[in-house]
Amino acid sequence: MSDFYLKVYEIVEQIPKGRVTTYGAIAKALGAIRSSRLVGIAMNNAHLTHPLIPAHRVVNRSGLLTGKHHFTNASMQKLLEFEGIEVIDDQVQKFSDVFWNPSEEL
DNA sequence: CACTTGACGAGCT
DNA sequence: TAGCTCGCCAAGT
């Protein structure tokens, strides 16, 4: 397990309830802004090594729920709405309001 | 071992 | 404004 993965999990675990962040923001917080894809890959493995990780709070830069197909049981949208985040058509509403920047607020 | 794919994102055309 | 290209790199075929 690389440090990158561990750091990704560390950050994702700290996303406050009712807030979301982006793959790119996480990558940036780790000092590898161009490796945002790796964050996605990390999330892909996250459910194996860190089953309780709130991956539903991580969306792409436009607030789109691109990873919803990876959620087998509970729908990503349902989880977000349960936390008070408005989601319409896979798009997080008021995205800029609920956005949590790990490099500024961590 | 080589090639493709992908939970991304920024920049260029 | 919309679409294309490239950087990045792990994991699967």
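First the proteins, then the strands, lettered A, B, ... as listed; each starts at 1. These numbers were taken from a predicted model, which means no experiment stands behind them.
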Chemist: Examine C:dA11: is either OP1 or OP2 under 4.0 Å from a nitrogen or oxygen in the side chain of A:Y5? Give yes or no.
Modeler: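 The answer is yes; a side-chain N or O of A:Y5 sits under 4.0 Å from OP1 or OP2.
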Chemist: Between B:dA7 and C:dA2, how far apart are the P atoms? Round to whole Å, please.
Modeler: 23 Å
Chemist: Could you walk me through whether A:R61 and A:Y23 pass the side chain to side chain contact (heavy atoms under 4.5 Å, CB included) check?
Modeler: CA-CA 7 Å; A:R61 64 161 180 145; A:Y23 302 96; over 6 Å; no
Chemist: With A:E83, which of A:K78, A:K17, A:H56 fulfils side-chain hydrogen bond (donor to acceptor under 3.5 Å, both in side chains)?
Modeler: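 The side-chain hydrogen bond (donor to acceptor under 3.5 Å, both in side chains) with A:E83 is passed solely by A:H56 among A:K78, A:K17, A:H56.
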Chemist: Rounded to whole angstroms, how far apart are CZ on A:F95 and P on B:dG9?
Modeler: 8 Å
Chemist: Please list residues of residues 13-38 of chain A whose heavy atoms come under 4.0 Å from any atom in DNA chain C, ordered by number; otherwise none.
Modeler: A:R34, A:S35, A:R37, A:L38
Chemist: Measure from NE2 on A:H70 to P on C:dG12 and round the result to the nearest Å.
Modeler: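 For the pair A:H70 NE2 and C:dG12 P, the rounded distance is 13 Å.
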Chemist: Is A:N45 reaching over with its side chain to a backbone N or O of A:I41, donor-acceptor style, under 3.5 angstrom?
Modeler: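 Side chain of A:N45 to backbone of A:I41, a donor-acceptor pair under 3.5 Å: yes, one is there.
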Chemist: Using atom P in both nucleotides, what's the gap between C:dT1 and B:dC8 to the nearest angstrom?
Modeler: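 That atom pair is separated by 24 Å.
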Chemist: Could you state the atom-to-atom distance from OH of A:Y9 to C1' of B:dA7 in whole Å?
Modeler: 12 Å
Chemist: Under a single-linkage definition using a 4.5 Å side-chain heavy-atom cutoff for Ile, Leu, Val, Met, Phe, Trp and Tyr, are A:V59 and A:F99 assigned to the same hydrophobic cluster?
Modeler: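 Yes, A:V59 connects to A:F99 through the hydrophobic network.
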Chemist: Indicate yes or no for a side-chain donor-acceptor contact from A:Q14 to the backbone of A:E10 under 3.5 Å, with no hydrogens or angles considered.
Modeler: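 Judged by distance alone, yes, a pair lies under 3.5 Å.
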Chemist: If you look at every strand shown and take non-hydrogen atoms under 4.0 Å, does A:F71 touch a base, only sugar-phosphate, or nothing?
Modeler: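 Base: the residue A:F71, judged by heavy atoms under 4.0 Å, touches a nucleobase.
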Chemist: Please report the distance, rounded to the nearest Å, between NZ in A:K7 and C1' in C:dC9.
Modeler: 16 Å
Chemist: Could you give the CD1-to-P distance, from A:I53 to B:dA7, as a whole number of Å?
Modeler: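 A:I53 atom CD1 is separated from B:dA7 atom P by 17 Å.
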Chemist: Indicate, with a heavy-atom threshold strictly under 4.0 Å, whether A:N44 touches base, sugar-phosphate, or nothing.
Modeler: base
Chemist: For A:Y5 and A:Y9, take the angle between the two ring planes, folded into 0 to 90°, and tell me which bin it lands in: parallel under 30, tilted 30 to 60, perpendicular over 60.
Modeler: perpendicular
Chemist: Starting at CG of A:L48 and ending at C1' of C:dG12, how long is that distance when rounded to a whole Å?
Modeler: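 Atom CG in A:L48 sits about 14 Å away from atom C1' in C:dG12.
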Chemist: What heavy-atom pair brings A:N101 and A:S103 nearest, and what distance separates the two atoms?
Modeler: OD1-OG, 2.6 Å
Chemist: Expressed in angstrom and rounded to an integer, what is the separation of A:D3 atom CG from C:dA10 atom C1'?
Modeler: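 Distance check: A:D3 CG to C:dA10 C1' gives 15 Å.
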Chemist: From the options B:dA10, B:dG6, B:dA7, select the nucleotide whose nearest atom is closest to the side chain of A:I41.
Modeler: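 Closest nucleotide to the A:I41 side chain: B:dG6.
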Chemist: Within less than 4.0 Å of OP1 or OP2 of C:dA11, is there a side-chain N or O belonging to A:N45?
Modeler: yes
